[in-house]
Structures are given as C-alpha cells and as structure tokens.
Amino acid sequence: KHDAEDEFFYVVSGHLDVDLEDRTVGLDPDQGFTVPKGVIHRTRAPVRTVILMVEKAGVVPTGD
C-alpha cells in the first residue's frame, strides 16, 4: 500500500490482475484502474503483459 499517493495501471496488451483485500480487478487491453492511497494491493500478470503505471516519484514500486 502507499499511504500518500494513488497509483494508476493501464493495460496496453495482455492481462493484469490487481488483487485488493476484498476482490480482484481484472484488466484487459485499453482498460485502466486507480488504486486509491492506503489500499493494500498486489499486481500479477498471468500472461505476457505490457502496462503503463502512473505514480508519483516517491512511490516505492516494490512495496513498503
């Protein structure tokens, strides 16, 4: 989780799963999802996937 910043994921190709505490959001090409600050999450790609991830420079992408 990131305490001070949101994080945005956009799928260019492939498939990305974003695991949250209560659900999993599946993203296909041309779909995006914003993880609000403070929400515990994990991303995984079951197939080769290209994504665009937007976050502030201070976010540590490997987690806290």
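Because only heavy atoms are used, hydrogens play no part in the values below, and waters and symmetry mates are left out as well, while side chains stay in.
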| message | Checking H41 against E21 for the side chain to side chain contact (heavy atoms under 4.5 Å, CB included) test, could you report, in this order, the C-alpha distance in whole Å, the side-chain angles of both residues, the deciding distance, and whether it holds? | response | CA-CA 7 Å; H41 60 284; E21 290 185 271; over 6 Å; no

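- In plain terms, the two heavy atoms of R44 and R42 that are nearest each other are NE-NH2, 3.6 Å.
- With sequence neighbours left out, the side-chain contact (heavy atoms from CB on, under 4.5 Å) criterion links R23 to L20, V25, F33.
- Cluster membership for L52 and F9, using ILVMFWY side-chain heavy atoms within less than 4.5 angstrom, is not shared.
- By the rule that hydrophobic residues join a cluster once side-chain heavy atoms approach within less than 4.5 Å of another member, I40 and M53 end up as members of separate clusters.
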Next item on the list: Take D6 and T34 through the side chain to side chain donor-acceptor pair (under 3.5 Å) test and state the conclusion after the steps.
Entry: CA-CA 7 Å; D6 295 341; T34 299; over 6 Å; no

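- When hydrophobic clusters are built by joining Ile, Leu, Val, Met, Phe, Trp and Tyr residues whose side-chain heavy atoms come closer than 4.5 Å, directly or via intermediates, V50 is grouped together with V54.
- Atom CD of E7 sits about 4.5 Å away from atom CD of E55, to the nearest 0.5 Å.
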Return a table of donor-acceptor pairs under 3.5 angstrom between the side chains of residues 10-18 and protein atoms on other chains or two or more places apart.
{"from": "Y10", "atom 1": "OH", "to": "D30", "atom 2": "OD1", "distance (Å)": "2.9"}
{"from": "H15", "atom 1": "ND1", "to": "L27", "atom 2": "O", "distance (Å)": "3.2"}
{"from": "H15", "atom 1": "ND1", "to": "D28", "atom 2": "OD1", "distance (Å)": "2.7"}
{"from": "H15", "atom 1": "NE2", "to": "D17", "atom 2": "OD1", "distance (Å)": "2.8"}

